[in-house]
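Model, not experiment: these values are computed from the prediction. In this chain, residues are counted from 1 in sequence order.
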Amino acid sequence: MSSPGNHGRRLHRAPSGIGMGRLLLVVLLAGAAPGGSWAFYLPGLAPVSFCEAGKETSNCKSLIELFVNRLDSVESVLPYEYDAFDFCQDSEEKRPSENLGQVLFGERIASSPYKFAFNHEQTCVKACTKSYDPRNENEKKKLAFLKKGMQLNYQHHWIIDNMPVTWCYDVEDGQKYCNPGFPIGCFVTPSGRAKDACNINSEFNKKNTFYLFNHVDITITYHSAKDENWPGARLVTARLEPKSYKHTDEDQLSCEGSPMEIPGEFTKKLKLIYTYSVKFEENSNIKWASRWDYILESMPHTNIQWFSIMNSLVIVLFLSGMVAMILLRTLHKDIARYNQIDSSEDAQEEFGWKLVHGDVFRPPKKGMLLSVFLGQGTQIFIMTFITLFLACLGFLSPANRGALMTCAVVLWVLLGTPAGYVSAKMYKTFRGEKWKTNVLLTALLCPGIVFADFFIMNLILWVKGSSAAIPFGTLLAILAMWIGISVPLTFIGAYFGFKEQPIEHPVRTNQIPRQIPEQSFFTKPLPGIIMGGILPFGCIFIQLFFILNSIWSHQMYYMFGFLFLVFIILLITCSEATVLLCYFHLCAEDYHWWWRAFLTSSFTAIYLLIYAVHYFFSKLQITGTASTILYFGYTMIMVLIFFLFTGTIGFFACFWFVSKIYSVLKVD
């Protein structure tokens, strides 16, 4: 079988509610190379044993249930619940309880009528029948929605034993790609162009016709417990192959023959019969702990990712070394020269950064806003660090759906205290007096902007009937977490921040501000800020491509080990770029460094926005106004978070640097 067209942009995510924006990241025990695995079981993710019917025990069951998740598409940001389409439904529908991360990103898992007994093979079993009459408006609407799903290449995401059911097919160079989703069907345009999965079968060739995948051949592989000390067998892979068959007789199903066509013009009655076959295979080579590996091994361009990331890290480390060496050598000479000056004649010949020692710690304009940004940035930094660290250790595993997002949200709520403390302490250092305004802004400004953006996005999803629309109760719960937990914690942090003494500066500030000499083009604020964001962005943009793919193109993202490494390198480059430019500005006798330090590294967020716009137009196939608004709405949240995070890193690096160099000077 050939590839269903443009596989590089059609990787579909395993059903997992992980990440930011529409972040659904399928995480292998993170940081492990493809093919490697850690042979231990994570907390709460114990394996399940299966036995043949009649041999069940308390530790071993025979019933294998297939669960269905929401459907999504690379051509639309709007995911839909399985029930939104007119598919076969379970008469006794069960819904596993969902965590916060799953709810936030539209995870809607439900039971299905596809149920099997372990090691009991079945062929061409009817799941259900659906009939459509063009005279019935309701049925007409249901069929139209099903056609729209096929036209936009919406993908099923099925789950067996908490792992994705994958569709494996051949791609170029004899490689096999395993997709953790499969399409509803496909469409041949009125001009005769076969779209998406219609390329896999030469029979899909009738113009202006939809072909429905109404049959699935499921193959379940298991690992037997012959040499192990546990009962029964464990499931290690679940694969399927979607097929299209026009079943003529409901009572005598054969699952062969011509494909199930749905004409573009719906004029006569239509009957759709959904069927399935299931078979079981034993494989003693695949262990339960490494059952996700085959999906990751099949990913195209994995080696390219590996080398490009390594290349990026080497370049960034080399640049960092250069920056650090120049800075340390130049500074060392400066300090030695300044401290050797004794005579008053020489003192008058001072130049550079020593001249502004009486003004360098003069409080900045708009100190209130800067302190609020720094408080929020500290909260985001600690949250990101802990979340990525836990992801690296493998605690936020793919089987534990929604874990990454739940972890991030809970951490953010609980980290109100450091935000309040940092904001209050910096505001006091800036000699601010409106402490009540400072506390309220720290608790409400940036979270309020994010919540308002999120609320508008949710309204669009709700109007469109998408499964990603958050229920009103969950919105109230998030609001309660913010107002009831995060805000009081911010107040507590601010109380301790204001109680403490302000940060003591190593040199006194003069009464009269010094005049700043005429600046060259490169030492003016704007060019410096624009240049400052280039180096940090250069170290993350390759990772950014894979992260954006995982959010919007539903590709897998599992290299959290590398992401954590890139995160550390981002901290280093943000710090070094800011410190270097700050040093040049102080040498040019410009002492307005507070805001510049924050904006130099936070300008990386503007490059992130430009890249996201480029990615939208060059890589995505998203259509429709609502999807476009949602894409840019969620992108703005990412950009704001990144702006606060990088700005805070740059500011504190620069603050430490300035305090350090002026503390070693002999000042009269």
Side-chain angles (χ1 to χ4, degrees), residues 12-17 22 24 66-96 98 102-114 127-133 136-159 164-165 180-187 196-197 210-214 216 242 260 262 266 270 272 274 401-402 457-475 552 554 622-627 629-630:
H12 292 270
R13 61 177 158 232
S16 166
R22 306 253 59 73
L24 296 150
L66 189 148
F67 285 88
V68 290
N69 204 343
R70 54 83 169 279
L71 289 89
D72 55 34
S73 162
V74 289
E75 294 178 34
S76 172
V77 176
L78 303 163
Y80 287 102
E81 255 183 274
Y82 180 83
D83 293 353
F85 294 93
D86 195 27
F87 297 130
C88 301
Q89 287 170 13
D90 194 0
S91 54
E92 300 168 8
E93 190 176 74
K94 292 182 292 186
R95 287 185 177 271
E98 289 159 342
Q102 286 175 284
V103 175
L104 281 177
F105 294 121
E107 287 281 294
R108 300 291 182 267
I109 298 170
S111 58
S112 75
Y114 301 92
C128 73
T129 305
K130 298 285 179 180
S131 300
Y132 301 94
D133 189 333
N136 185 315
E137 278 303 313
N138 190 35
E139 288 176 5
K140 209 172 169 181
K141 275 183 189 170
K142 284 181 178 177
L143 187 64
F145 194 63
L146 189 65
K147 285 180 181 177
K148 187 186 171 188
M150 287 188 268
Q151 197 166 357
L152 290 174
N153 197 29
Y154 269 82
Q155 306 266 322
H156 283 285
H157 293 294
W158 288 4
I159 305 160
V165 182
F182 68 97
I184 299 173
C186 63
F187 178 52
D196 307 314
F210 295 88
Y211 291 92
L212 176 75
F213 291 128
N214 58 337
V216 284
M260 183 66 231
I262 302 174
F266 179 39
L270 187 69
L272 302 178
Y274 290 88
R401 299 169 200 284
M457 298 300 107
N458 200 57
L459 215 56
I460 295 168
L461 290 165
W462 180 71
V463 168
K464 290 284 182 182
S466 170
S467 78
I470 295 166
F472 186 66
T474 310
L475 265 182
W552 303 113
H554 318 316
I622 287 173
T623 54
T625 313
S627 288
I629 293 168
L630 286 166

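Put simply, the residue from Y211, Y154, F210 that forms a ring-ring contact (aromatic ring centres under 6.0 Å, His included) with F187 is F210. A side-chain contact (heavy atoms from CB on, under 4.5 Å) with Q155 is found for exactly one of L71, V74, D72, namely D72.
Distance alone, capped at 3.5 Å, is enough to place a donor-acceptor pair between the E98 side chain and the I109 backbone. Between the side chain of Q102 and the backbone N or O of G402 there is no donor-acceptor pair closer than 3.5 Å. For the pair Y82 (side chain) and C88 (backbone), a donor-acceptor distance under 3.5 Å is present.
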* T623 vs L152, side chain to side chain contact (heavy atoms under 4.5 Å, CB included): CA-CA, chis, key distance, verdict -> CA-CA 9 Å; T623 54; L152 290 174; 3.8 Å; yes

* Could you walk me through whether V68 and R108 pass the side chain to side chain contact (heavy atoms under 4.5 Å, CB included) test, one step at a time? => CA-CA 8 Å; V68 290; R108 300 291 182 267; over 6 Å; no

* To do: Report the C-alpha distance between I470 and L475 in whole Å, list the side-chain angles of each, state the deciding distance to 0.1 Å, and finish with yes or no for side chain to side chain contact (heavy atoms under 4.5 Å, CB included).
  => CA-CA 7 Å; I470 295 166; L475 265 182; 4.3 Å; yes

* Asked: Can you check side chain to side chain contact (heavy atoms under 4.5 Å, CB included) on L146 and L272, steps first, answer last?
  -> CA-CA 12 Å; L146 189 65; L272 302 178; 4.0 Å; yes

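Between atom CG of residue N214 and atom SG of residue C128 there is a gap of 10.0 Å, rounded to the nearest 0.5 Å. With values rounded to the nearest 0.5 angstrom, S111 atom OG is found 3.5 Å from D90 atom CG. With rounding to the nearest 0.5 Å, the separation of CG in L78 from CD1 in I460 is 9.0 Å. Taken from CG in D83 to OG in S467, the straight-line distance is 10.5 Å, to the nearest 0.5 Å. Separating the NZ atom in K140 from the CG atom in L143 is a distance of 10.5 Å, to the nearest 0.5 Å. One finds the CG atom of L630 at 5.0 Å from the CG atom of L461 (value rounded to the nearest 0.5 Å).
Of all non-hydrogen atoms in N458 and A468, the two that sit nearest each other are OD1-O, 4.0 Å. In terms of heavy-atom proximity, Y114 sits nearest to A127 at CE2-CB, 3.9 Å. In terms of heavy-atom proximity, F85 sits nearest to I184 at CE2-CD1, 3.9 Å. Scanning both residues, I262 and L270, for their nearest heavy atoms gives CG2-CD2, 3.9 Å. Taking every heavy atom of both residues into account, E75 and D196 meet most closely at OE2-OD2, 3.9 Å. Residue P113 comes nearest to Q89 through the heavy atom pair CD-C, 3.8 Å, listed as atom of the first residue, atom of the second, then distance.
Y274 is listed as a side-chain neighbour of L212, based on a closest heavy-atom distance under 4.5 Å.
Aromatic pair H156/F87: centroids less than 6.0 angstrom apart. For W462 and F472, the gap between ring centers reaches or exceeds 6.0 Å.
In terms of the salt bridge (Lys or Arg N to Asp or Glu O under 4.0 Å) criterion, residue partners of K130 (sequence neighbours excluded) are, by chain and number, D86.
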